[in-house]
Amino acid sequence: FERVRVISNLRKVKRNCETCRANSEFISLANASQIFELSESNILESAAANLIHIISEGENGTLVCLASLMLIQDRF
């Protein structure tokens, strides 16, 4: 329940996730790393393996698809 509470209070942005083929919520790479207790490099490696979806946005940096994180959280 703690993770859900933290996620609900996060700054999220809605973007189109081409891999999910849906309008999804994205969080910063740093927040994803902290909440899911994964290193940023682990998240990026998982994205390269197409397990986690990311997008790069100039001023927002790298954003991580929250839906894809939630789907694979048990793998880590």
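Shown here for Ser56 and Thr62, the closest heavy-atom pair between the two residues is OG-OG1, 4.1 Å. The shortest heavy-atom contact between Leu69 and Ala32 is CD1-CB, 3.6 Å. Smallest separation of non-hydrogen atoms from Leu29 and Glu40: CD2-OE1, 3.6 Å. The two atoms that bring Ile27 and Lys12 nearest to each other are CG2-CG, 3.6 Å, heavy atoms only.
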Please list every donor-acceptor pair under 3.5 Å in which a side-chain atom of residues 15-22 meets a protein atom from a residue at least two apart or in another chain.
from, atom 1, to, atom 2, distance (Å)
Arg15, NE, Glu57, OE1, 3.4
Arg15, NE, Glu57, OE2, 2.4
Arg15, NH2, Glu57, OE1, 3.2

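Hydrophobic clustering (side-chain heavy atoms under 4.5 Å, transitive across Ile, Leu, Val, Met, Phe, Trp, Tyr) groups Leu66 together with Leu44. Taking hydrophobic clusters as Ile, Leu, Val, Met, Phe, Trp and Tyr residues chained together by side-chain heavy-atom distances below 4.5 Å, Phe36 does not share a cluster with Leu63. Under the 4.5 Å side-chain heavy-atom criterion for Ile, Leu, Val, Met, Phe, Trp and Tyr, Met70 and Ile54 are members of the same hydrophobic cluster. No chain of hydrophobic side-chain contacts below 4.5 Å, direct or via other Ile, Leu, Val, Met, Phe, Trp or Tyr residues, connects Leu51 to Phe26.
Every residue two or more places apart in sequence or in another chain that forms a side-chain contact (heavy atoms from CB on, under 4.5 Å) with Ser28 is listed here: Ala30, Asn31.
Expressed to the nearest 0.5 Å, how far SG of Cys65 lies from NE2 of His53 amounts to 6.0 Å.
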